[in-house]
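In what follows, a single structure is set out as C-alpha cells and then discussed.
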Amino acid sequence: MTNQLAGKKVFVTGATGLLGNNLVRALVARGAAVTALVRSPGKACSQFAGLDGVSVIQGDMTDVPAFAAALAGCEVLFHTAAYFRDSYAGGNHSAALKAVNIDGTRALLGAAHAAGVRRVVHTSSIALLDGPPGVALDETCLRDRASADDYYRSKIDADAVVLEFLAAHPEMRISLVMPGWMHGPGDIGPTSAGQVTLDYLNGKIPGATPGTVSVVDARDVADAAIAVAEKGRSGERYLAAGRHMTMAEVLAAYERVTGIPAPKGRIPAAALMVVAAVNEAKSRLTGKPVLLSLAMVRLMLREADHTHFDHAKSERELDLTFRPIEQTLADEVAWYRANGWLEPARRSA
C-alpha cells in the first residue's frame, strides 16, 4: 500500500479528541509532520508526550484568525473539531453549535484556502443519514433537515458549508468522512462512549437502555480519514460508521472483555426521561455538564433501529475494514486502567 502522506505537513483540528489524537498518531506513524490544533495544552502534553513529529498550537474554532497563520505550508487539513452532544447540559446550545460547527468550519476553509491548502478531509457524521427502521443506509440517504434536532442540524449545515465552499473553489479537493459512535484508547474527554466504558467498569450501569448504536473504533475512522485524503473523491461522503448493535449487545461485549458481569435488566424509556430531567436540574445548580439530557433520551428513542449502515462504497474505494468490537473495548479499557481513571475499588478488577 502506498503512503502518500510521508514527509508531508498536515494540520489536524480537534487533535486531543478521541478521533483527533488517534488520527495524529496514525499520521505520525505514516511519516507525516503534524500541526495539532488544541484548546488545552495540558491535554496535549498528556496525549502526545514523547511522540515525535507533532507540533502543538493552542486555538479555538470560534477564533480561526488567531491560528490561521499555522496553516501555511500544510498540504492536507483534517478537520475533526466540533461542538457535540457530549457537551450538553440541557437547555439550548444552538449558538455554540452554530459558532463552532457552522461558522467555524466556514472560517477554517477560508483560512486554509488563503494559506494554500488544497486537500481537506472534513469529519461529518451519521447524523446526516436517515431512513426506515432496519434498512441499511448509505451515503445518499440524507436526513430531512426539518426533522433534525439542534445538533443534527448543525452537522447538516456544516456539510452544506463544506460543499458550498467546494462549489465556489473547485481547485480544492474536499471529501467527507461519516463516523458512528466512536470508542477506543486515548479518550481523554471522555466522550459519551468513554463515559459508558468507565461507568461499566465502576459498576454504575444498572441495565441496558433502549435504542441502538453503530459502534466503530476511532482508529478505524482515523485510517478511513487518511485513506480519504489519499484516494477519496472530491465532494464525496464516505461512511465509517461501524456495526449496528443494541445496547444489550454492547454490554455483553463489555462482559466478554472485562469479565465483569453485565446487568441483565432493561431501563424503561420513562425512567430515562426522569433521570435526564433530574440530571438537567442538577446541572443548572452546579454548572457541571451532564452526559444524559432529555435531548439525548429523545434522540436515543427516535434513532432506535436506524443505525444500520451500508459501507460498500468505503470498502470499495478506501479498502475500509473494522476491528472486532472486543479488540476496541479491550484496548479502551486497558488505556483507562493504565492511566488511572478507574475508581480505587475497581482498579484491580
Side-chain angles (χ1 to χ4, degrees), residues 18-19 82 84-86 122-149 151-156 159 175-184 191-193 196-197 207-225 227-228 232 236-254 256-257 262 266-267 269 272 295-329 332:
L18 176 56
L19 173 57
F84 55 100
R85 181 161 300 280
D86 299 5
H122 172 71
T123 306
S124 179
S125 171
I126 57 173
L128 274 82
L129 304 181
D130 194 18
V135 172
L137 309 176
D138 66 17
E139 294 87 346
T140 67
C141 301
L142 297 179
R143 183 184 297 273
D144 180 359
R145 187 181 182 280
S147 70
D149 65 9
Y151 171 70
Y152 275 30
R153 274 194 299 272
S154 79
K155 296 302 289 184
I156 292 169
D159 267 35
S175 306
L176 305 91
V177 177
M178 310 178 87
W181 192 40
M182 288 184 284
H183 279 259
T191 65
S192 64
V196 169
T197 297
T209 57
T212 62
V213 289
S214 190
V215 182
V216 64
D217 195 302
R219 294 167 294 184
D220 293 336
V221 179
D223 288 343
V228 164
E236 293 289 324
R237 296 182 173 96
Y238 293 92
L239 269 165
R243 296 175 177 83
H244 166 86
M245 302 181 73
T246 65
M247 285 307 299
E249 290 171 335
V250 173
L251 296 183
Y254 279 120
R256 292 193 296 273
V257 165
R266 299 290 189 270
I267 305 176
L272 282 177
M296 291 179 194
V297 176
R298 294 187 188 105
L299 177 69
M300 184 188 306
L301 299 176
R302 185 174 66 247
E303 296 299 299
D305 209 30
H306 291 255
T307 54
H308 302 264
F309 296 98
D310 179 357
H311 292 91
K313 178 180 175 182
S314 296
E315 291 167 351
R316 182 176 63 251
E317 297 188 24
L318 308 178
D319 297 320
L320 177 67
T321 59
F322 296 116
R323 289 170 173 83
I325 185 175
E326 289 81 5
Q327 180 183 345
T328 298
L329 296 181
E332 182 178 22

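Fair warning: this is a prediction, and the values are worked out from it, not measured in the lab. Note: hydrogens, waters and symmetry copies are ignored here, and every other heavy atom, side chains too, is used.
Applying the side chain to side chain contact (heavy atoms under 4.5 Å, CB included) rule to Thr123 yields the partners Leu19, Thr80, Pro179; only residues at least two apart in sequence or on another chain are considered. Remark: Arg302 pairs with Asp149 by the salt bridge (charged side-chain N to carboxylate O under 4.0 Å, His left out) rule, at least two apart or across chains. Evaluation of the side-chain hydrogen bond (donor to acceptor under 3.5 Å, both in side chains) rule for Thr307 yields Thr212, His244 as partners, not counting sequence neighbours. The salt bridge (charged side-chain N to carboxylate O under 4.0 Å, His left out) check on Asp310 picks up nothing, with sequence neighbours excluded. For Ala253, the side chain to side chain contact (heavy atoms under 4.5 Å, CB included) partners are Arg256, Ile325, Leu329, not counting sequence neighbours. For the side-chain hydrogen bond (donor to acceptor under 3.5 Å, both in side chains) test, residues two or more places apart in sequence or in another chain that qualify with Ser124 are Asp159. Among residues two or more places apart in sequence or in another chain, the side chain to side chain contact (heavy atoms under 4.5 Å, CB included) test is passed with Leu301 by Pro210, Ala269, Val297. Residues meeting the salt bridge (charged side-chain N to carboxylate O under 4.0 Å, His left out) test with Arg298, sequence neighbours left out: none. In terms of the side-chain hydrogen bond (donor to acceptor under 3.5 Å, both in side chains) criterion, Glu139 has no residue partners (sequence neighbours excluded). Residues meeting the side-chain hydrogen bond (donor to acceptor under 3.5 Å, both in side chains) test with Glu317, sequence neighbours left out: Arg233, Tyr238. With sequence neighbours left out, Phe309 forms a ring-ring contact (aromatic ring centres under 6.0 Å, His included) with no residue at all.
A heavy-atom distance below 4.5 Å is found between the side chains of Leu272 and Met300.
In this structure, the side chain of Arg153 engages the main chain of Ala148 through a donor-acceptor pair within 3.5 Å. Although no hydrogens or angles enter the test, the distance criterion places a donor-acceptor pair under 3.5 Å between the side chain of Arg143 and the main chain of Leu129.
Applying the side chain to side chain contact (heavy atoms under 4.5 Å, CB included) test between Val228 and each of Asp223, Leu176, Leu320, Val177 identifies Val177 as the sole match.
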Report, one line per pair, each donor and acceptor closer than 3.5 Å where one atom sits in a side chain of residues 245-252; sequence neighbours left out.
| residue | atom | partner | partner atom | Å |
| --- | --- | --- | --- | --- |
| Thr246 | OG1 | Glu249 | N | 3.1 |
| Glu249 | OE1 | Thr246 | N | 2.9 |

